[in-house]
Structure formats: structure tokens, C-alpha cells
Amino acid sequence: MLARFAALLLFYLIVLPLPAATTLKIATIAPDGTSWMKQMRAAAKQIEQGTEGRVKLRFYPGGVMGNDNSVLRKIRVGQLHGGAITGGGLSAIYADAQIYTLPFQFRNLQEVDAVRRVMDPEIIEGLHKAGYVSFGLSEGGFAYLLSNAPVKTTDDMRGLKIWIPEGDEINARMFEALGISPIPLPMTDVMTGLQTGLIDTIASSPIGAIALQWHTRVKYLTQVPLAYLYATLVITEKALAKLDQADRELVTRVLQETFSGLDAQNRQDNRQALEALQGQGIDFVEPSMTQRQEWEKHANTMLQSLSSQGLFDAAMLKQMQQLIQSARSTSSHP
Amino acid sequence: MSLFVRLLTLLLGAWLTGCVSLATDRLANNLSQAMLNQTDPEIVRSGAPAYLLLLDSLIAQNPDDQGLLYAGARLYGAYAGGLVNDPQRQQRLTDKALEYARRGLCPETPGFCRTMGEPFETFALALAEVDEGEIEGVYLYATSWAGWIQAHSEAWSAVADLPKAEAMLQWVTARDPAYDNGRAQLYLGVIGSQVPPTLGGKPEVGRQHFEAAIAFSHGRDLMAKVEYARHYARLVFDQPLHDRLLNEVLEADPVANGLTLSNIMAQQQAKKLLQDDYF
């Protein structure tokens, strides 16, 4: 009897293995309750239901796992399986992931769309080669200069205490070449820096400036996109490879749909946030086209020298610039 | 993206009447106390609209009566924040609460009120000049504004106003740290626990406000512990603190003068929060 039972048990163990539930641990700096987290939690629910509980997503929101660098470190040691990382942060695993965030490239969102249609798949492929699966890029918006004195020219920047993110070598070099010494600070110190006067000028997307309350410490916004920001959710190929094929397809589909929705939502949010900044009494200043072109030229000279040092792929920058030029020549926008 | 979560139910404890009209004073007071001490939120949910209509009609008859306007701001804000779930109704009701608060405060502080839409620095300078005697109006305006921002948090123009509402609450606690039995501290605790430290937030400041709110209510305000758990403990991922606070809420006797209704609702929310698979 016992032997039969054991045989039966063995049969079930061999023939009908109970699928083990996989929990994918994912970190993000977005706090719980934000629309970002609400949509991620909705996606997690859909995945858990669709896979009958075989795949769960566990979130670590609000930056409890640290900034981009520490999240990537924790992914490498296996403590996490994925994270929502910014384009700049991703450059640590794939240098060209920062290509959209290079300074003074885009003039408007039509140019962004023309580039992203072609180059998003290339960035996703580049990340995949580095062992990370991305489910689509989500717009963070243009970063603008926010200051306490109007900035229309390079001369206007002199004397300002301009913040750049700690470790942002590209922007540090760009400002230095203009004869300006920016002040590198970690994100954690920006608000305190603005409050104490250590810095008086920042670059931020409109939604970032409002969400982090930086908008209360500035009076002017220069209407020139400095950089195009984005973030994406990456999960390691290693973790996804453990899922069975159907589950993996479902996870991919749901997360891709979620990211596509977030991408569109963020565009609307930034448009609205820009209006809200104006509503808060922040003055918008518009430099001349000649000045803008000068900044673009300066940035490109500097980027050429940086690409020769291997900070990113020169061919990829060239491709992006050609796409922008082609969008510019067919558009009514300047 | 709206960075802050619900400010729900906070206004409940502020539900004291300010009616100065002698004819209605006692009625209004008794009704408010009856609602605040009610152990069944459903009764209040169903009964409060009648009192809202009564207040509207009294305000219509006495459009400049500050006491009635403040009572209107309190009641509409409390009802919208604590007892209404429909987002569109919350928006309409908080519009009205803010409007009543504005009509109550602004005739006293016209210079300050003109800076509401100005840059933060201008606003903060004008706020510093407001007379200390306006503490009730400043508090009510700030809490009505916070409730309004919560209800309109999909709009970035609303979210951008949050630092101003926060500054008004700080103005209140700087003059009376225990104001409204610690509820002003509770609002500041919630607002201070929205931005994570990784992004430059100072949730420790939020934590101090929560601790102050609990201390000033002598531990009787259970909503202070619920919001402490929901906002601070979750933000910093402190599960032991989260669970301890919520279990204390569940084990406490909810009956406390002026806080019973709020405490019963706090217990309902504590139960739900403990069931969430958050950590």
C-alpha cells in the first residue's frame, strides 16, 4: 500500500510538477500611491491573475532600494530582479542608453517622436545584449533650466550657481567649456541646496519640479529643452528565462502595454505641469534662435570629443542627429 | 503623476462648529457633537447631507457670517474627505469647502489672499505678516486647500499649490503646536511623508509631526497612527513600525469625546492596511 502510494506520489512529482511561483522583485523611486505605482500594481495584478499565481511582482517603491546605481548593483548581486531606471542611470550597463539625454539635441517633441520610432528598438536591443529586458521607454519629458534670474544668453548663466547631478560628466564638461562651473550634488541634496542658496539654478522636467517642490525656489524657466529624459523598467534576462514561455509572453505583453500607457500619460502630465508652473507665477523666458543654435553647436563640438573617448557611440549620435535633421526639415517648427 | 496619496478623513476631527448665529449655535454644536461621537459612520454618511443643506441655507441668509462660513468649510471638507468615495463629488464638495474658507478668511486678510496665485516667495512673505488672531481662518483655509488638492490631485496646477497649504499649516503650528488637538501636526506629517529620501524628501520631519500629533491628542486620535503607518512607515518601508501602529489602533477603545467617529473609521482602515500585501 505504502509502496503504491509512494509510486503514485512519484508519478505526480514527475508528470505533474507543481509550478513554483516566481516573484520578480522590482525597485522604483516612484512612491506608492503615485499614478505610476498604481499602474504598475494594476499590471502586477493582471500578471498574477493571468499566470494563475505563477508570476508575482513585488515592488520596492519610494527609492527604498536606493538610487539607480544602487538598484543596478542589487540586481547584479541577485537581491533584485529589476527596476525602473532612468536613461542616464542605464548608461552604467549600456552606454548608449543615455543618447536621448545628451544636451541640446531636440527642439520639440515632434523631433523626439521621429527619433524614438526608429531608435527605441535599438536601445531596447542594446539593453538586451547587456542582459536586461526593457518593456518600452516611458517619457520623462524635457528638462528645462529653472533659475532665479532670467537666462537668455550664456552670459546670463555666469554668476549663477547651477546644479548638475553628481557624476554627470557630460553636462559638467559642457558647462565648463562655456566657462561656467556647475555645482555637482546628489539628487538628495537639491532641495536643501536651493533652500540654503548653495545652488540657485536647476534643470528639471516640469513634473519633476512640481513633484519635488523645486518650483517654490525658482522664478524663471528658460524655454529651451536641455535634454530629453526617459525611464524604463528593466528585468534581467536571467530572471525572465526561468518563466515558462506562455507566462513570459504574458508578462511581456502586460508590461509593454503598461509602459506604452505611461509614456502617453507622462506627455500629458508634462504639458499640464508646464502650464501649472506658469500659473504659479514663474516667468518663461525665450532665448533667441541664434543663441539656441550657438548652444547646440557648442554641445555638439563637446559631444564629438566625448564620443571619441568612448562615452557613447558616435555612430548612434550621428544617426539620432540625422533623424532630427530630417524631422526638422519636414516640419513647420523651427 | 500625483506624488501624494490620500489626505482622506483628516478633516473629520476638525468637525467642530463655529456658528455664531445665536439661534443656531446650540443646534449646530449639538449636531456636530452627535456626529463626531457617532459609532456608526453610515448614519453620519446618510445624515450629514441634511446638515450641509441647513448650513447652506443659513449661509445664504448670512453671507458674511464668518462663523457660519467656517462651519461650512469644516463640514463640507470633512464630508468630502472622509465620507464620500466618488472622486467627482469629492471635487465639487471640496470646491465648496475652499470657497467658504476663502469667504471667511479673506475679508480679514485681503493682502495675503491676493498672493495665493503669486510665486511661493511672495506668498510666504505675505503669510508671515498675517495677524496671529487669524489662526482659525488660516488653519481652515489650509486644511480645506489640502482637501481640495487631494481631490484634484490629477491636476498639476493643484499639486503645485501643496507647498502653500503646507506653509500655512506650518504657520499655524509655529504659533500653536497643539492646534486642533494635534490635527495640524497630522496634516504636516502626511505632507512631509510624500517625497522619498532618495529624491531629497525629509520623511523624518514627517515622522516628527506624526509623533507630535499622537502626543498632543494623548494617543486618543487613532487616525494619527493610521496615517503615520500609511504614509511614513510605508514610504520608508518600516514594516515593524507599520504593523505595530495599526495593531495599536485595532486594540484601542475607539470611544473618545469628539473622536469616536474618526476612530471607528481609523480602525476600519487599519484592518484594510494590515491585509494589504505591501511589504
Side-chain angles (χ1 to χ4, degrees), chain A residues 29-38 41 44 56 58-68 70-71 148 185-194 206-219 262 265-266 268-283, chain B residues 1-8 114-124 149-150 152-167 190-203 205-206 229-239 242 273 276-279:
Chain A
I29 47 171
D32 203 40
T34 55
S35 62
W36 203 94
M37 271 310 296
K38 280 182 197 161
R41 287 201 188 279
K56 290 182 180 177
R58 177 163 292 282
F59 294 107
Y60 297 90
V64 283
M65 288 291 177
N67 60 17
D68 283 351
S70 54
V71 168
N148 275 308
L185 285 178
M187 189 89 153
T188 46
D189 295 352
V190 175
M191 188 59 176
T192 315
L194 284 168
I207 54 177
I210 292 177
L212 303 178
Q213 304 197 351
W214 296 347
H215 71 292
T216 59
R217 303 282 158 184
V218 292
K219 294 187 185 120
L262 286 167
Q265 177 69 45
N266 283 349
Q268 275 183 27
D269 281 355
N270 267 308
R271 196 176 295 142
Q272 231 197 64
L274 201 60
E275 284 169 20
L277 289 175
Q278 220 157 10
Q280 290 287 315
I282 290 175
D283 274 342
Chain B
M1 176 178 81
S2 63
L3 241 191
F4 58 99
V5 201
R6 304 179 315 151
L7 285 157
L8 294 186
R114 273 195 292 275
T115 67
M116 295 289 184
E118 299 285 312
F120 182 80
E121 200 181 319
T122 316
F123 168 88
I149 293 166
Q150 188 277 318
H152 295 76
S153 62
E154 298 298 315
W156 284 88
S157 54
V159 180
D161 279 339
L162 188 63
K164 290 178 179 167
E166 182 182 15
V190 174
I191 295 171
S193 305
Q194 301 301 319
V195 181
T198 330
L199 295 176
K202 302 265 182 295
V205 175
R230 177 176 13 233
H231 294 281
Y232 174 81
R234 286 193 169 200
L235 183 73
V236 303
F237 232 65
D238 186 343
Q239 188 174 9
H242 178 267
L273 289 172
D276 271 1
D277 187 21
Y278 181 84
F279 291 98

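In what follows, chains are A, B, ... by sequence order, proteins preceding strands, each numbered from 1. Just so you know, these numbers come straight off a predicted model, no measurement behind them.
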J.: Considering non-hydrogen atoms only, spot the tightest contact between A/T188 and B/T198 and give its length.
T.: CG2-O, 3.6 Å
J.: Tell me if the NZ atom of A/K56 is crowded by more than 12 foreign heavy atoms within 6.0 Å.
T.: no
J.: Going by heavy atoms in the side chains, are A/M191 and B/K202 under 4.5 Å from each other?
T.: no
J.: Excluding sequence neighbours, so at least two apart, what forms ring-ring contact (aromatic ring centres under 6.0 Å, His included) with B/F120?
T.: none
J.: Do you know which of A/Q278, A/R58, A/R217 has the most heavy-atom pairs under 4.5 Å to chain B?
T.: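 Ranked by contacts with chain B, first place is A/R58.
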J.: Step by step, would you call A/K219 with B/E121 a side chain to side chain contact (heavy atoms under 4.5 Å, CB included)?
T.: CA-CA 9 Å; A/K219 294 187 185 120; B/E121 200 181 319; 3.4 Å; yes
J.: Under the side-chain contact (heavy atoms from CB on, under 4.5 Å) test against B/W156, which residue among A/N270, A/L277, A/L274, A/D269 passes?
T.: A/D269
J.: For B/D161, enumerate each residue passing the side-chain contact (heavy atoms from CB on, under 4.5 Å) test, keeping only those at least two apart in sequence or located in another chain.
T.: A/Q280, B/W145, B/W148, B/I149, B/K164
J.: Nearest heavy-atom pair of A/R41 and B/Y278: which atoms, and what distance?
T.: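 Minimum heavy-atom separation between A/R41 and B/Y278: NH2-CE1, 3.3 Å.
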J.: Which one wins on heavy-atom pair count under 4.5 Å against chain B: A/E275, A/M37, A/Q272, A/M187?
T.: A/Q272
J.: Where do B/F237 and A/F59 come nearest, in terms of heavy atoms and distance?
T.: CZ-O, 4.0 Å
J.: Using a 4.5 Å cut-off on heavy atoms from C-beta on, say whether the side chain of B/P196 contacts that of A/I29.
T.: no
J.: Do you know the tightest heavy-atom contact between A/P31 and B/L235?
T.: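 Reported closest heavy-atom pair: CB-CD1, 4.2 Å.
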J.: In terms of heavy-atom proximity below 4.5 Å to chain B, should A/T192 be classed as side chain, backbone, both, or neither?
T.: side chain
J.: Looking at B/S157, B/A155, B/P163, which one has more heavy-atom pairs under 4.5 Å with chain A than the rest?
T.: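 Among B/S157, B/A155, B/P163, the one with the most close pairs to chain A is B/P163.
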